[in-house]
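Right, one structure below, let's go through it.
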Amino acid sequence: MKELLMPETEWREQAACLPYPAILFFGMDDNEGAAERHAREEEAKEICTHCVVRAECLDYALATREAYGIWGGLTELERKARLQGRAS
Ligand code: SF4
């Protein structure tokens, strides 16, 4: 019942990524190479592994079909695969 009373975004206040620049989680560099992207995503995912709201973050990203960035420790492609796995 408590979850129903909490604003949907309250979990964000406890996000481990708050002190980090958004570019670490979203890229936003058209010239980013595959190796650079992989390294950046792994760095972001490492932060997610220590995040106390990881489950809430991932649930939100899956529910809203977030198309870009690392959410809940997963890339957009990993979230897409997760959603496709649920549908089948
Ligand atoms: S799981 Fe990752 S992206 Fe989500 S709030 Fe936590 S640190 Fe940020």
Side-chain angles (χ1 to χ4, degrees):
M1 186 68 180
K2 184 180 178 196
E3 302 87 51
L4 295 175
L5 300 175
M6 291 175 67
E8 162 282 305
T9 56
E10 189 169 318
W11 58 266
R12 293 174 192 250
E13 296 170 13
Q14 300 176 63
C17 54
L18 280 180
Y20 295 90
I23 196 169
L24 179 60
F25 287 79
F26 292 93
M28 298 185 285
D29 178 1
D30 291 340
N31 298 318
E32 184 178 53
E36 289 174 306
R37 179 182 177 124
H38 180 73
R40 177 182 56 75
E41 289 179 339
E42 289 303 307
E43 187 178 348
K45 286 178 169 185
E46 175 62 22
I47 294 164
C48 295
T49 63
H50 306 290
C51 182
V52 297
V53 291
R54 183 176 179 174
E56 291 87 344
C57 177
L58 181 57
D59 286 348
Y60 172 83
L62 293 173
T64 58
R65 305 292 198 267
E66 282 288 346
Y68 302 103
I70 304 288
W71 291 77
L74 299 183
T75 66
E76 51 265 47
L77 291 178
E78 291 166 339
R79 291 194 306 277
K80 193 172 182 181
R82 179 80 60 99
L83 287 168
Q84 288 172 341
R86 283 184 183 175
S88 58

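Not counting sequence neighbours, the partners of R37 by the side chain to side chain donor-acceptor pair (under 3.5 Å) test are E41, E76. Under the side chain to side chain contact (heavy atoms under 4.5 Å, CB included) criterion, A39 pairs with no residue at all, not counting sequence neighbours. Every residue two or more places apart in sequence or in another chain that forms a side chain to side chain contact (heavy atoms under 4.5 Å, CB included) with K45 is listed here: E42, I70, T75, E78. Residues satisfying the side chain to side chain contact (heavy atoms under 4.5 Å, CB included) test with F26, not counting sequence neighbours, are A22, M28, Y68, W71.
Taking both residues in full, the closest heavy atoms of V53 and Q14 are given as CG1-CB, 3.8 Å, listed atom of the first, atom of the second, then distance. The two residues A16 and C51 have their closest heavy-atom pair at N-SG, 3.5 Å.
Residue pairs meeting the side-chain hydrogen bond (donor to acceptor under 3.5 Å, both in side chains) criterion with at least one member in residues 48-57, sequence neighbours excluded: E46-H50. Sequence neighbours left out, the pairs with a member in residues 21-36 that pass side-chain hydrogen bond (donor to acceptor under 3.5 Å, both in side chains) are E32-R40.
The closest side-chain heavy-atom distance from R82 to L58 is below 4.5 Å. Within the 4.5 Å cutoff, the side chain of I47 has heavy atoms near those of the F25 side chain. Side-chain contact check for E43 versus Y20: every heavy-atom pair is 4.5 Å or farther apart.
Proximity of a side-chain donor or acceptor of R12 to a complementary backbone N or O of C57 within less than 3.5 Å is not detected.
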